[in-house]
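A quick write-up on the structure given underneath.
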Amino acid sequence: MAASNPSSFTLSLHPHLQSDSADSLKDVIGRISTQRGGFRHLTEESLQQEIVEDTQVEDVATEPETQDEEKGTVRYIATKRAEMLAHLSAGLNETLMALDMVALLQSKYNPKHGELGISPALKQHVPLGTLAYDIWEMPLRDEAQMEEDNLVKMGWKIKSLKSASDSLLSSAERLKSDVQREVKYWEHLLSVSQHGWPIYQRPGDLRTMLVKFGPSEAGPIFERRGVAVLRPSGDGSIILDQGLAQPPKTLRVRVKQGNHIKGTSKIQTSLSPSSDEVTLEQHVHRARDSLFEEELFHEMVGEAREQELQSIGVRYQQGILHLPIHLNEDLVCDDEILVDLVPLDSSPARIGDTAKDPLAQYVATALRLLLSHSYRLRLLRRSQLPPPLTVEPRPVPPSSIVRPVMVHLRHSAALKQLRSYLTDITRVLDSAGFPVSLSIQGTTNGSGTMSLTKLEELLATIKPHSTPNLIMHDLVEALSQPLKTSATLTLPSSTHGLESGARMDAYIGVDVITHLGAKPFGTEYVVSVPTSLLDTVYKQGNSASAVFRKQMTFSTCPEIIAYANNILSLDLVYEVLASKFKEYDTFGGLPQLLRTGQRRGEAVSVRCLVHVTKDALKLSTREMDTEVGRDALDRSTRRVEGTESRAYRWDGHAARPSLLDTFKRLNAQFDTPS
C-alpha cells in the first residue's frame, strides 16, 4: 500500500547542488589532453563508440544484481533513482561546459554577450577572448599528388633502410678492426711474456699493462727505471713508454797510448735498427741493455771515487773514466783505458787504428760480467738471514767492478815489463856464453793473459754440481782473487859453476803478486836468491841471517831489475870467474876481481869489473901499479885510476868470444910462474 501512495516518498528531478570546488574548464581541458592526447584525435564517432562499450560493460556488470531485484520494490526504485540522478548530473555538467565553451568563443567576437554566458569559475581562470575559430576549406582529393606522396614516403623508407644498412656495415667494420687491434695487442703481449719478460697490471689502473725489464738486484735509482708502460697504438701495436727516460746509451772502451787511440770496443749497433724493423721485443731488449750500461757506468764512477783507486791514477774527468795501465818512472800514465757512455743511435766515428781493439773488447766484456756478478752477490746477500737489528743502518758493500779490471791490467803490465827484461837478459847472457833458461808459471802466462791450460785447470776447480748459469759467476769469482805469477831464471853458475859440477839449484825466483784489497793494493815483487850465493858473497855463517836475506820484496819493476842485475853480476864474479880462475882476488860484496902478477918481467895489477844490464853484459879491465892495486884491494869501495883500461861488451846480437874465453885470454897475458 505504501508503494501506491504518492506521498510515501519524494522524487525530485533537480540535480544535486555542486560545490564551489568543481573542476574548472582549464582542469578539464588538461585532463582531456592527458587522457585523450588532445582534441586532434577526438571525434564524435569515437565518443559514441566508447559510450556504447561502456553501456555494455555496465549492463553486464549489473545484470546479476538486477536479476535479483524485483520491479516495484523500494530498493529497485531507489536504485533507478540514483542511476537517473547520475545521468542527469552528467548531462547537466556537460551542458554547462558546452555553454561555457560557446560563451568563451563568443567573447572573442561579441564580448558583451559572451561575458553574460560564462560561468564565474571560467572567468576566474581563463581570460575573455582566448578562444577563436577559423573556417578552412577541405582540400580536394588529388590522386596524382597522393601517388607522388606515396613515392616520397617509399623513397624516405628506402633511404632510411640504406642508412641503417650502411650504419650496420660500418659498425661491423669498426668492430672487425677493433677485434684485429685487440688480437694484435694481445699477441704482442703474449710474445713479450713468452720471451721471459714479466708483465703485470698497474696497481689502481687495471687497464694499463706494465713490463719489467730491469734486473731485480739493480740499484734503487735503476730499479724504478726498469719498468715501462705498454701503451697500444692506433693499429694495435704496442709502444714502450718509458716516460722521461733518456735516449739509449752504450758503454765504449778505448785504449790510449800516449796521445793516440789504439783500440775501441765494438758499439752494439745491432740494438738500434731502423724504426720500421724494430719489434717490441727489440725495444724491450734495447731498453734493458741501455739501463744495464748506464748502471754499469754509474757503479764504476762511484767506485772510482775511492781513495785506494785514486792513489793509483784512476780518475773521472769530463764524463770519461780513466784507468791507467802503466806508469813510467815519473809516475805519468803512458797507457790507459778510457771508459765513457755514448748514445746508441749516434754511432760515433772511429778514431785511430785498430791494433788494440781486442784489448778494448776484452775490458768491455769483463766490465759487463763483473756487474752481472755483483747482481748475484746482492741476491746471495739478500737471501741470507739478516743480522740482528741495530741502531746503525745495515752497510751495503760497494760493487767491485773497477778493482778486478785494474788488478788484471796492472798485473799484465807488470808481467809484460818483467818478461821483457828477463827475455832480454837471457839473450844477453846467452851471447856471453851462458845459456840460462827462463820459465813463467802461475794464473796467467808471461803476457799477462790466461792460457787455455790454466783456464781448464781453473774450471776443473769449480764445483761439479754448479749449474750452467752459475759456472760463469764461479769463474768470475775465481778470477777476482789476487793474482800470482812466478818467474824463474837460472843463474850463469848453474851451467858454468864449480869444477865439481853444475849447480842446478842456482836460480833467481820472482813472484809477481797483485792484490785486490786495500791493504795492500797493487803489485809487489818477491825475489828469491840462493843462500849459497849470499854466503859466498857476504861470508855469512849464520843460517837465520841467510834465510832473511834470501827473499826481498820490491814495489816497482825498476827496483827488481836493478837488484837482479846486481845478483847476476855477483854470480858471474863469485860463482863462475873466481871459481875457475883462482889467481884472482874478489872484493867484499862487489862484482870486481883483482890479480897481481908479472907480465914480461914487470909487476902489474889488473882490475876487472863485471856489470850486467838489460841491454848488455860489460867487462871492464884496468891496469894499475902493484902498490896501487894492492891498496885498491884493501879499500874496495874506493875508485882507483889506473894507467890503461879496456872494455868488452855482449849485447845479445854480435858474435864474439864468450866471457870465459875473453877472461882466459886476459889471464894468459900474465907470466906463468916457474
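Along the sequence shown, the residues carry numbers beginning at 1. Since the model is a prediction, treat every value here as computed from it, not as a measurement.
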How close do [X] and [Y] get, heavy atom to heavy atom, and via which atoms?
X	Y	result
Val573	Gln592	CG1-O, 3.8 Å
Leu291	Gly214	CD2-CA, 4.1 Å
Trp650	Ala432	CD1-CA, 3.7 Å
Thr556	Tyr525	C-CE1, 3.5 Å
Ala564	Tyr421	CB-OH, 3.4 Å
Thr264	Asp357	N-OD1, 2.7 Å

Whether the [X] and [Y] side chains hold a donor-acceptor pair (N or O, under 3.5 Å, no angle test) is what I'd like checked.
X	Y	value
Asp511	Ser486	yes
His611	Ser620	no
Glu295	Tyr375	yes
Arg376	His373	no

Does atom NZ (Lys618) have a neighbourhood of more than 12 heavy atoms from anything else shown, all under 6.0 Å? no
What's the verdict on salt bridge (charged side-chain N to carboxylate O under 4.0 Å, His left out) for Asp430 and Arg427, showing C-alpha distance, side-chain angles and the deciding distance? CA-CA 5 Å; Asp430 185 67; Arg427 185 174 61 253; over 6 Å; no
Value rounded to 0.5 Å, distance of [atom1] in [X] from [atom2] in [Y]:
X	Y	atom1	atom2	value
Leu568	Leu429	CG	CG	6.0 Å
Gln317	Leu338	CD	CG	10.5 Å
Glu217	Leu377	CD	CG	10.5 Å
Lys416	Ile325	NZ	CD1	8.5 Å
Ser569	Leu609	OG	CG	8.0 Å
Leu415	His408	CG	NE2	11.5 Å

Is the distance between the ring centroids of His298 and Phe222 under 6.0 Å? yes
Between [X] (side chain) and [Y] (backbone), is there a donor-acceptor pair under 3.5 Å?
X	Y	value
Ser265	Val253	yes
Glu294	Lys249	no
Asp571	Ser493	yes
Ser290	Arg286	no
Thr613	Ala616	yes

Mind running salt bridge (charged side-chain N to carboxylate O under 4.0 Å, His left out) on Arg315 and Glu306 for me, showing each step along the way? CA-CA 10 Å; Arg315 67 187 190 278; Glu306 297 181 5; over 6 Å; no
Which residues satisfy the side chain to side chain donor-acceptor pair (under 3.5 Å) test with Arg224, sequence neighbours excluded?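 Checked Arg224 against side chain to side chain donor-acceptor pair (under 3.5 Å); zero matches.
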The side chain to side chain donor-acceptor pair (under 3.5 Å) partners of Tyr362 (sequence neighbours excluded) come to none
Give the intermediate values and the outcome of side-chain contact (heavy atoms from CB on, under 4.5 Å) for residues Leu367 and Leu371. CA-CA 6 Å; Leu367 293 174; Leu371 180 59; over 6 Å; no
Sequence neighbours excluded and cut-off under 3.5 Å, please list the side-chain donor-acceptor pairs for residues 192-199, or say none.
unit_1, atom_1, unit_2, atom_2, d
His195, ND1, Ser191, O, 2.6

